[in-house]
Every structure is written in C-alpha cells, then in structure tokens.
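Remarks on the structure that follows.
Just so we're on the same page: letters track the sequence lines, and every chain starts at 1.
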Amino acid sequence: MDSKQLHALIIGHLADRMVRLGVHERELDKGFDLVRSGLLDSLGYIDLVAALEQATGRQVDLEKALESGEATTMKGLYELFS
Amino acid sequence: MPLEPFDPISLFVRSAERWPQRIALEVADGHWSYAELNDRSNALADTLVAAGAEGQRVAFVARRDGPWTYAAILAILKAGASCVPLLPEGPVQRWNTMLERSGASFILGSLHPSPAEVELRAQRQELTWCDPVSNDKPAPLFVPREVPTNAEAYVMFTSGSTGGPKGVSVTRRNVAAYLGQFLGEYRFTPEDRFTQHFALPFDLSVHDLFVSWSSGACLCVPSDAGGLRAATWARKERITVWFSVPSLGAVMRRARTLVPGSLPDLRYAFFCGEALLWELITEWQRAASNARIINLYGPTEATIAITAYEVAGPAPVEGGTVPIGRPFGANRVMVTPLDGTTDVNEGELLLGGPQIAAGYINAPEATARSFVQVPGKPGTWYRTGDHVRMDAAGVLHFIGRVDHQLKVLGHRVEPGEVDETLAGVLGGGNAVTVPVVLNGVTRLITYVDVPADVDRLLGHLRNELPTHFVPERIVVLDELPRTPNGKWDRPRLIHMAQDGQ
C-alpha cells in the first residue's frame, strides 16, 4: 500500500472524529500527532492501528513502535504501514 | 484546631521531616525530594496567606506536566485554603462556569500559562491572581495553618443531569477519614513507587498524592499521552503500586503491551472509576503475578473510595464484572429496594460514614435530593444512584444505574448535560444523548429533532464542555421516538446507535 492510499484510509477512519473536533484534513500533515492533538484518545488510536493492520495484513509491534515517540504521528503511521 | 493525624498535610509534613532526601515526585523532566517539595510549597503557601487566601477557595489550572502543580496543591492546603482544580484542557467557558459555581475568588497562575489561561486571566481581572514563586527564592519558615473541623479540602465537579456541573465540597476531615481507613487496610513503604495516572480535577488523584506521600514513597507521573506506553513505562520506572481506571488496563491489553511477566515489581494493582471486567483481571494476573489486585468503588461525594474487593483466585468462566466488595473502615452501606420491588438485597446503594461529603456547593436542592437522612440510621447518607445487589456474604455487586448517568473512559457524564447545552442553540428542538459501545468502549451519540448544522452544534459543545462530553456523532431525525407514556424512548435510540443509524 503506498502512502497516498494509506493517507486516504486514515482519513476515512478519522472522518467522524475530525468533524467532532473541528479538525480539517489540511491540518493532518506528517508531523500531526493524532493522540497529543486530542483527535484520538488512546483507545481510538488502537482502533485505528487495528483497522490499518486489517487493511494492510501487517501486524505491528506497537510497544516497540511507541518507543520512538513518533508512532502516533501521521509520519509514524506511514512508516509503520507503507 | 491542630491538624488531625491523618490530615493530608500532617501526613506529608511528617514524611518530609522523616525522609527529607527521598524522592517525593518524579515527572518527565526531573524529580523533587520531600525537602524540595516541602520548601517550594511553603514558599507558595506563604504567598497565598499574604494575599489573604486563608480559608478561601483557590482555583488553578491543574496541569500534570511539571512539579509546580503538585507544590500548588500542597501550598493551598497548607495555607488553610481549599483547592479548586480546573481541567487543563478547558475550555475557557467551562473554567468560567467552575469559577462562578465554586465562588473561588483566588486563582493561582501557572509557571508557564497556556494561551487559554492567558485568555482566562484577561477575562477575569476581578479575581485575585497569585503568581508562582521562583525556585530561586529562599523558602520561608512556614507553619501549615490549623483549620476548623469543617474546613474544606477541595471542590471537585461532577456532571449534573440538569443545571450543569455540580461542585462537591469535600472536607479535610473526609480526606483524613479516607487516608486513615485506607492506610489501615494496606501497607506501603518508602521503597514503593506509585503511579499518578489520574487527572488532578478527578478525586482519585487525591489518593495518588497522599497515599504515596504518607508512606515516604515516590509518586511517578507518566509523560506519555493517553497511557499508550503505560506498561513499558511502569516496567522501566519499577512501579510497585498501580492505580488507574480499568480503561487504561484495557488500552494496555489491546495495545498488546500487557504481556505475561511484564510487571514483576508490582505489589498492588488498584482499579477504580468504572466497572472492572473479569477478562481484564486474567491478563493482569499473568502480567503482574506478584501483585494483589483490588477493585475500589466510590463516588466523589463519598471521598475517593469507600468499598473494596480483593481478587482471589482465577476469574470465573462466565466473565462479567468484578464485585465492588464491602465497605472498609467505619464506612457503611445500605441497599434500598427500587420502586415496585421487594428484594431487600437489591436496589439503590446508599453510603454513610465519615467520608460522606458536605454536599454540593450553592445547590441546596441537589444536595437535599442526594444527601439524605434515613430513619433509624444516624448520620447523613449519600444516594449513589447505583443499582447493586448484596450477596449472602455481604459483598456488593454493581448492576447498573438507576438513572441515565454514564461513564466515558472513567469520567462521569450525565447525558442530560449534553442535551441541556444543545437545547440553547436548537431553536426549540430537542436533543437526546445515548451511549454506544464501540470496540468495548462507551462513546456518546446525540439525536436531535430539528434540521441543524451538525458542525455548528459540535463546535458549540466543544466551546462549552470538556472533550469527553462531546458526542462521536450528532444525528438529525425528523422526530425523536417516544415510549407509550410519552418519555424519550432511550432503549430504541441506543439500539439505533449500536446499529450505526
């Protein structure tokens, strides 16, 4: 899956949450942190990761990924799944 | 009156005298010893007393990202004042509501105020703003103020079904009763390392701070957002006493970080704030095989926690929720049958004893409804609104609510508060908010019965209420369903929400 497809998948998953918090797609640049921004709480983030795992068929080691501190950013998700 | 032995300040000062060089507080960017925390809070208390705050309510934006807020809490209590912690995420309008409802006339500014706090300060010039004291300033000699027997320790806000948030007034005596009774049940040492997961405007944080500090132990504040790395953090920090909402345990399980043997240092795992599922227990037992696992229960109105259930042995195969147990210490419980039922062992749970709060501030009707006298049973009893069953062994089991109150990630939410906030902008239309459980987590869905700009409604809620009150979705219907006797048909709306309608 290329990063464009991945981006579309993430945006599709986040659509309701973005409306809920008044966040626009243009704000979701590579450095945007989905959890620190408050867009997702921790369970929402795990739901997103689970959805991406299902869509890509790839299982990630979340504990290891979270070590870097970037796994909750858009860039971090691209790196984990593309 | 001299401070009681289990008064939170008595306990802290005793530890500071006994273990001045031990670490009292660890945050992401450093740590403070008991002596440092004592000195910093003395300097701040001195400032507060000089400003005239003794005996007054003092508000502050309760951020957990540095040691300063912890010194502020100690300082307010040392000054003989009462803490009014404000949720750091605001919004500003919510802070204004809480300031007005609490009647706080003093506010302690942050060391590094957020833009929202700067905005609040511009709006509320009539309040007495006290500024934090520079760490370079020598700490004065300061003797914690003695307080009258009915002195208030803090005001914490809970959601109200009508009329917005209610401020619960909890006294120093209530907190002393909790600490005395809790410390009589469980044993901690200066070697212990406690978690500080709870947001400071949530009364379970009072347990974090003062149970840890009463024991000369170290209070460890996690830095990561949302607790995603909680298991890794706890292992690295060699946490020995864990306390959180069960949801955080669920996060760890779903993030696959709660692996067998991963928390070998843990001696205690306490949970409180929402129903604890047996399925979570099994994984905690595997992850923390040396820990005693205890489910605590108690509303803010009964000061932190009032009953406890210690898990012994494996989880029952049928699953379900862990009992809320029995009252500890001198706490008392009573079950009153619900209307139309005669079973004396099932009904609404009433709580009594020395932890029952003084009531809601500036809300005499709500206080009279919830804090009641019971013929033949001395003292004030708090009606919890929780539907429970008491088994033959006297153990309480939580069944549900007698009203519509919900828990969203451990936060108490009255859906009526969301509906009331929307009513003002619906032009005569109605709103009904119901829970929906998505992937095991309770979220909110709101239905409205007038054509409306959903983005605008959500924006209004974001400006007025904390994030956990903002529904996942607002759905516009031509008409809201009603039951045959004319009430909103909530079960049908819940069913629709669960079906994604």
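Counting only distance, with no hydrogens or angles, the side chain of B:Arg64 and the backbone of B:His197 share a donor-acceptor pair below 3.5 Å. The backbone N or O of B:Met252 sits less than 3.5 Å from a side-chain atom of B:Thr257, completing a donor-acceptor pair. Between the side chain of B:Glu420 and the main chain of B:Glu417, no donor-acceptor pair closer than 3.5 Å is present.
Here B:Arg256 is the residue among B:Arg256, B:His468, B:Arg473 with the most heavy-atom pairs under 4.5 Å with chain A. Of the listed residues (B:Val454, B:Thr467, B:Asp455), the one with the most heavy-atom contacts under 4.5 Å to chain A is B:Thr467. Between chain A and the residues B:Leu458, B:Ile474, B:Val470, the largest count of heavy-atom pairs under 4.5 Å involves B:Val470. Interface check for chain A: of the options B:Pro471, B:Ala250, B:Gly459, the most heavy-atom pairs under 4.5 Å are formed by B:Pro471. When the candidates A:Leu66, A:Thr72, A:Leu40 are compared by the number of heavy-atom contacts under 4.5 Å with chain B, A:Leu66 comes out ahead.
Counting heavy atoms from C-beta on, the side chains of B:Gln196 and B:Ser205 come closer than 4.5 Å.
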Item to check | From CA spacing to verdict: side chain to side chain contact (heavy atoms under 4.5 Å, CB included), B:Glu274, B:Thr442 | outcome: CA-CA 11 Å; B:Glu274 59 194 358; B:Thr442 300; over 6 Å; no
